[in-house]
Every structure is written in structure tokens, then in C-alpha cells.
Protein chains: 2
Amino acid sequence: MSGRRGGRPTLEEVAARAGVGRGTVSRVINGSPRVSEQARAAVARAVAELGYVPNQAARALAGSRTDAVALVIPEAEARLFAEPYFLDLIRGVSAELADADKQLLLTLVRTAQERQRFEQYLAAQRVDGVLLASVHGDDPLPDRIRDLGIPVVMNGRRSEAEPVPYVDSDNIGAGRAAVARLVGRGRRRIATVTGPLDMYVARARLGGYRAGLAEAGHAPDEGLVATGDFTEEGGRRAMRELLDRRPELDAVFAASDVMAAGARAALREAGRTVPGDVALVGVDDSPVARLMDPPLTSVRQPIEEMGRTMARMLLRRAAGAPEEEPKRVLPTELVVRDSC
Amino acid sequence: MSGRRGGRPTLEEVAARAGVGRGTVSRVINGSPRVSEQARAAVARAVAELGYVPNQAARALAGSRTDAVALVIPEAEARLFAEPYFLDLIRGVSAELADADKQLLLTLVRTAQERQRFEQYLAAQRVDGVLLASVHGDDPLPDRIRDLGIPVVMNGRRSEAEPVPYVDSDNIGAGRAAVARLVGRGRRRIATVTGPLDMYVARARLGGYRAGLAEAGHAPDEGLVATGDFTEEGGRRAMRELLDRRPELDAVFAASDVMAAGARAALREAGRTVPGDVALVGVDDSPVARLMDPPLTSVRQPIEEMGRTMARMLLRRAAGAPEEEPKRVLPTELVVRDSC
DNA sequence: ACCAGGAATGGGAGCGCTCCCACATTAGGG
DNA sequence: CCCTAATGTGGGAGCGCTCCCATTCCTGGT
């Protein structure tokens, strides 16, 4: 049989032992300043002696706050994306929450029905805030949550002018840095494999690519742009398309490492060497990048740091802190390997 | 001041609306059979009309159960391992819990201090059960939790005779299947790169390798066994060692895909072709396997299914269900690609 | 016709906290 | 010396449920 509470001490018992009232113990536990040193010490001792741990359920019920934060990840994305991405994100969020003694509630959302259930869940007041990963351009969930009065922070944004607080990486800078590197290595015909253009992240990287070319004085050529979908297969297909359209290309910026891997395979099929015939740059600096042959030059995003930042922002808002900058864009960094 | 926090309806209000008592509503909500059809219908209508959602904190407080389950992952492992592993595991656990309307509390444990905190957390009665991933041979945590009277299920086991309930994959079978394949392809000098031998999973795969050789009538040769640590670098080092000791080897069973990738790199360095000179088999069937050149034959573990099974077992135990088989070993499956 | 026994139900009594009000107690200011 | 204003403090009043007991209403057996 589970969980008959084995005589776990209560606030009341601590109070009795310390010779003070319930209120005082509560104040000490919650770090209120309105307590004398003497009382504080007495309570601290009683807590230690009894091994007291506050009952969270009671706290949540009485205080209507839960000390828990939900991280929502759409399941479809979890499969699609360079998977380690989410693990890194989780790691960052988890670290920051642990420091604040908050709990991480992970929610993978699979179906519309599960989404529904999640909204219900939120309505049940079970979390102090919500972190959203990988939100698509037309997703109403963020606004919905905000309207419910629950603090939200997103990873990435739905559009340039995102109204909901978010933490993003500098995707434009990523595209730019990749192109700059390619140009610096003497490449002249630089193509790109983009992500699905209904995602802001894909448009931003493409924008960076274009900006990079413009800065280098290259004329734009739409024939050098092919759309992928962040999958390996999509990368492969897009690469074939590019080779078909512009056989003379000598470099490719793939908007993700996984697509770069697909592109690499297509290049091999076509008998092109990397980086000899075609130089290749990806984005994510995921493990695949290191394992590819040749190892892939890639633009690193500070994923874990994004997770930490999101959690920090959320906690601050949940605590009702003074409104600070609700939009944060973290820098990316080119990691040079052998593919260019 | 009226505590009209967001005006969420309470059980009491539902009762009033349905024209029944609090007890009856509670019974309906919790699916007790002791309710007339009529009352059930009235309550159901009131619930729908009011959009009632039970307050979880109150439930937990009154009923001492939380509807939440913790999944504990040692942070060190999360980095080391083929990372998608944990994402798959999480996916399985999450799916099963969602079906049961339970919450998943993810805990990455970094330091000894965090471990400490986690135990405190358990003491605070905040979860109905605990799932443990990647437990090392000498880890006392599982027993500790069990002694606290909290249901536990582990992923993998610490030793052959694990006392704590677990779900594992058939690692011996995995080694055997890999070797059988290699033998079937006419390989005669089959080496292996193992994981760290203080982990049962590594010993089991090695055991399978040996069993496979024995079954094929090959004489054992300890020179064909090198120890890695489940990292790419470890795989590379072990492979160099093997080439050094037994240059005539013509096949390698690596106990993980990541190590296989390392081994592949070492083979390339040494000028050996795959699968021409040396055939290669890994374990995990991770994305890396597909992306390698040539694509890697690998033994797939049903990771997501393990996650589901763990969650299912845990929920059943938490519900005080009749003691069923507490040890479950799921089958593995060889996925053939070009590396052998 | 009567009563035992079961089914359905209402509602009191908490669960262990936080909130907040009332009550000291002490320290100045006039 | 009284009066206000801080400062600590105790404890009542819930928070919204579940548990469980008492009550009512219905069976069917004798």
C-alpha cells in the first residue's frame, strides 16, 4: 500500500517544539524579515531536530502557488529537430529551476486533445508559469496562456514582432556568420537549404544568409535557395534540387546540422567532395556535426544558456518582479571544422 | 476580502448546481460505482456547464496522493550517452503518464547536493512514485527510495540479480545478435569495444558477444576485447588498441553507436575500409547510425517502449495493484545497414 | 406487516499550510 | 506622562478537497 504518511512532522509540531506560534514558524520558513533573531534560531533548531519538510500540497492550497513550472514541447518537433536540442534546453531550464528550488514539469504535447488537456491543467492552477519550446507561426497557445494570467516565456518566436516574452538566438547573425566564413574561404556560388518558411527561425536564418551575401557584394540568386524541413531527408532533397538547378555551386549553408547531413549525402551521391568541390556549413553544432565526414563547420547556438535564461525570466515574472526586457536574443558562434 | 481567485468553480459549487451533496460530486469525479445514474448525469452536466476542474493541491492535501511521478536522470549520463536515448525514454514515459492523467516531473541530478535535495523532496510527499534512469552499479538511491516506501522502477539494472523492480532491454541478446550477424557474413576475427565494465549494461553486452562467439564455435580471445566508456573518444581509443593488438581482425561489435562512430574514425585513420576490411555493428540504432558513412548496422533497443513499460509498472504499483512481475526484459532487434 | 441489510446520499471533520487581524511590547515625540 | 508608531507575535479562518459516518430509502426474507 502506498504512502500512509509516516508521522511526518507538521508546522504545528515544529511550533510547539520551538515554543512559538504557527505564524512565527511560517515566517521563518518563508524568510520573512519580521522575526526576532531569537525566534528564528529556536525554529531553525526545531526544524533540524524534527527533520521538518513543508508539505507542498498544503502550501499550494493555502498560498495558491505551486513552486512548479511547466516546460511544453510539441512532440512532433521533438522527433523532427536535431534532438539533442531539447535535451540541452531541458538541461538549462532544469539547472536554473533547481537553483531556485522549483520543480520542472515536462509536458510533451502530442495531439490536439492533449493540448486541450494541458490547457485544462493550467486552469487547475498547478503551475506558476509556462515555458514553451518550438512554437509555430500560427500557434495561439502562447496568447491563450497569457490571457489566463499565467506567466509565459517562449523559446524562439513566432514572428519578428513577437508580443509574448521570449528568448531566441541570433539566427540572422548565424546565417551571416556562415556566409561570411564561406566568402572568406573564397567561395563564390553559395547556396542555402532553408527550414520550413512558416517558422520564423527558418526565415531569420535565410535572412541572415541574404544579408551576408549582400554584405559581401554578391548578387542574390533565388536559384541558390532551396527549402527543406529540418529533416535529413528534406536536406537531401533540397540539395539534389540545388545541384540540379545550379550545378556550379561551390558552397552550401544548411539551416541545420541534420539537413547538412542530408545535403552531404546528396553531394556524395553526386560525386562532389566536401570541402573540395563544395564547402558546407550547418547550424546547431550538434553531435552529428562532429561525427560527420568531414566534421562539419557549424554555427553554435547557446541552447543551454537559452534554457537558463528562459527559466530565469519566467521566475522573475512569476514573482511579480518589475517588468524587465521581455525579449532576449543570445549570440551565436561559428565553430570551424573541416567542411569549409 | 473574498478570495475569488480567478473565480474557478469548486466542488461545492458543482454540488449546489447539480442539486446534490459534496460527497456525491466527489464520488462521480472519482468514478466510484456507488452513485445512481441520475446523480451521475446531473453532476456531469454541472461540471460541463461550470467548466469545473478539480484543484490538484486540495486533492493532494486531502487525499495524500499527488498524481505526479518523478523521472530522475543523472546529468552526467545525459551528456555521455547517446543523447537521443533519454529523449526517447522521456517520450515513452510521458505518453503513458498522459494516458493515465499523471504528471511527469523531470529531475536532472547534477551534484551530490542535488541528490540530497531530491531525497528531501521525496520526503515532502510530492510524488506518487519514482522512475530512475541509468543507475550505476553501486548506487544506493534505488534502495533508499524503496525504503522510504515510495514505489520505484528503474531503467536498466545494477546487476544480474537486481532487487528493485526494473525494465531493461535484452542486452545479452543484443550482443548475441550482433555477433551472429557478423559470423553469418563470414567474419572470423570478431572484436568488441565494450562500455565501462562497472555498468551492468556493458557487462551484459560483452556477455552476449561471448555467448555469440561460443555458439558459433569460435574460440574466445581476450585480445579481441577492448574497454571503452560509451564516448566517441573512448571508442576511437579502444579501436586503436584493438588494431594494435590484433591487426588481423575483420569485424567489430561496438557496445554503442557513439563508440562505433569513434571506432569508424580510428579505422579510417588506419586505412581500413568498412565494411570491406572490417565489418561494424553498433547498439542503439540512434540517428548517428543512419548518418554514418557507411550507414551503421545496429541493434535497436525499444527505448520508448521501455519508458512506457516503466511508467505502467510504476502506476500499477502506486495504485497498490497485485504484485506482478517486477523485472521486465524487452527484446532487441538487429537493424541491418551497410556496415556489415 | 415487520425488520435486517444494502445502496445512495449529505455533510462534518480534518489534511497542513498561508493570510491576516488582533494583540502585546517597546520606543520615541509632544 | 500620555499617545502614536513601529515591531514581534499568536492564532482564527479558511484554501478545496477526500474520508467516513450517520441518515434515508429501498429491497426482500420471514
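In what follows, chains are A, B, ... by sequence order, proteins preceding strands, each numbered from 1. Just so it is clear, the model here is predicted, and its values are computed rather than measured.
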task = Answer with yes or no whether the side chains of B/S94 and A/R110 bring together a donor and an acceptor at under 3.5 Å.
result = yes
Report the distance from atom [atom1] of [X] to atom [atom2] of [N], rounded to the nearest whole Å.
X      : N      : atom1 : atom2 : answer
A/I29  : C/dG16 : CD1   : C1'   : 12 Å
B/L61  : D/dT18 : CG    : P     : 11 Å
A/R59  : D/dG14 : CZ    : C1'   : 18 Å
A/Q56  : D/dG16 : CD    : C1'   : 16 Å
B/L11  : C/dG10 : CG    : C1'   : 13 Å
B/E12  : D/dT18 : CD    : C1'   : 13 Å
A/R126 : D/dG16 : CZ    : P     : 16 Å

message = Applying side chain to side chain donor-acceptor pair (under 3.5 Å), can you list everything that pairs with A/D168, at least two apart in sequence or on another chain?
response = A/R157, A/N171
Side chain of [X], backbone of [Y]: donor and acceptor closer than 3.5 Å?
X      : Y      : result
B/N155 : B/L132 : no
B/R117 : A/A98  : yes
B/R158 : B/D139 : yes

request  = Take A/G63 and B/N30, find for each the nucleotide of DNA chain D with the closest heavy atom, and name the residue whose nucleotide sits nearer the 5' end.
outcome  =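 Result: A/G63.
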request  = Using a 4.0 Å heavy-atom cut-off, write out nucleotides 5-11 of chain D from 5' to 3' as B (base contacted by protein), S (sugar-phosphate only) or - (no contact).
outcome  = ---SBBB
ask   = Once you round to the nearest 0.5 Å, how far does CZ of A/R91 lie from CG of A/L87?
value =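 CG of A/L87 is found 5.5 Å from CZ of A/R91.
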